[in-house]
Amino acid sequence: MTAPTWERWVVAIDGPGGVGKSTVARGVAQALGYESLDSGAFYRAATLLIKLHRIDPEDEAAVMVTLAGADLAYRDGTIFLEGVDVGRAIRTVAITTATSPLAALPGVRLLVVKRLRRWVAEREGRVVVEGRDMGTVVFPASELKIYLDADPEIRAARRAGETRATVREVAARLKNRDRQDSTRTLSPLAAADDAHRIDTTTLNADQVIARVLSFRAG
Ligand code: DC
């Protein structure tokens, strides 16, 4: 199947947790006059919904019935569930931990990917999307793909700075999540062959944003 024309305009940013994808996506979007889309927020909100309905996440049929009718909307950089801004509620440790296995379910991925593609199509591809499989699976025809990485200790330190947990606790959780996200069968965390790789270990957000923009100009 040929990709729609708009797909080439999409800027796709992938990478593991704590690497700075959201900050970079927002900065690049602002510079380009684009909107940014945090695909992880959809998987997190789906997980929150399943928890609120007390559905067993192993019961894929029940999960799918609940998600199929879900009112999930992304606007102004946050996600709404049944009209309520759940941008903060999806960032708890419990939701973060539960999201990775739920996002491995084929039905869940299919449903979320459909919604992501519709959102981006409505904006004719003028979107910076970030996640784990944006360049590899969801927007493979994007002409600018970025894969961000950084030393695990640095990623843990950045994340710990955003929470009250210690660096050690965060490092252990990140390691576990990286393993789950990169070893799952469907759409694992991976760099596309044609992605530009940026190691953000010693770079600040502005430097990473500038580097992404330089690839676009070049
Ligand atoms: O980027 P994040 O930490 O908000 O992502 C939360 C989880 O969602 C992550 O552990 C894996 C999953 N995810 C995914 O499977 N595919 C994406 N494109 C984005 C996130």
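First listed ligand is number 1; within each ligand, the first listed atom is number 1.
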(message) Quick check on contacts: which atoms of ligand 1 are under 4.0 angstrom from a heavy atom of M134?
(response) 18 (N)
(request) State whether R44 and D38 are salt-bridged, where the test is any N-O pair (Lys NZ or Arg NE/NH1/NH2 against Asp/Glu carboxylate O) under 4.0 Å. (result) no
(message) Between S142 and G135 (side chain of the first, backbone of the second, donor and acceptor by atom type, cut-off under 3.5 Å), is there such a pair?
(response) no
(message) If you apply the rule side-chain contact (heavy atoms from CB on, under 4.5 Å), what do you find for T47 with I90, and how did you get there?
(response) CA-CA 8 Å; T47 307; I90 60 170; over 6 Å; no
(request) Report the nearest protein non-hydrogen atom to atom 20 (C) of ligand 1: residue, atom name, distance rounded to 0.1 Å. (result) G40 CA, 3.6 Å
(message) Hydrogens and angles aside, do R173 and N176 bring a side-chain donor and acceptor to less than 3.5 Å of each other?
(response) no
(message) Would you say T23 and R158 are linked by a side-chain donor-acceptor pair, where the criterion is simply a distance under 3.5 Å?
(response) no
(request) Could you tell me the residue and atom name of the protein heavy atom closest to atom 16 (N) of ligand 1, and the distance to it rounded to 0.1 Å? (result) R109 NH2, 3.0 Å
(message) Taking atom CD as the centre, does E82 end up with more than 12 heavy-atom neighbours from other residues, nucleotides or ligands that are less than 6.0 angstrom away?
(response) yes
(request) Tell me which protein heavy atom sits closest to atom 19 (C) of ligand 1, plus the residue, atom name and distance to 0.1 Å. (result) S39 OG, 3.4 Å
(request) Could you tell me how the ring of W119 sits relative to the ring of Y74: parallel (under 30°), tilted (30 to 60°) or perpendicular (over 60°)? (result) perpendicular
(request) Please work out which of S182, A103, P188 has its closest non-hydrogen atom nearest to atom 12 (C) of ligand 1. (result) A103
(request) Report, in ascending order of atom number, the atoms of ligand 1 lying under 4.0 Å from any heavy atom of G131. (result) 18 (N), 19 (C)
(message) I'd like the name of whichever of L102, L116, D181, T99 reaches closest to atom 7 (C) of ligand 1 through any heavy atom.
(response) T99
(message) For atom 1 (O) of ligand 1, which of the options R44, R132, R184 provides the nearest non-hydrogen atom?
(response) R132
(message) I need the atoms of ligand 1 closer than 4.0 Å to a non-hydrogen atom of R177, numbered in the order shown.
(response) 3 (O), 5 (O), 6 (C), 7 (C), 9 (C), 10 (O)
(message) Would E130 count as a contact residue for ligand 1, given that I'm defining contact as a non-hydrogen atom of the residue lying under 4.0 Å from a ligand atom?
(response) no
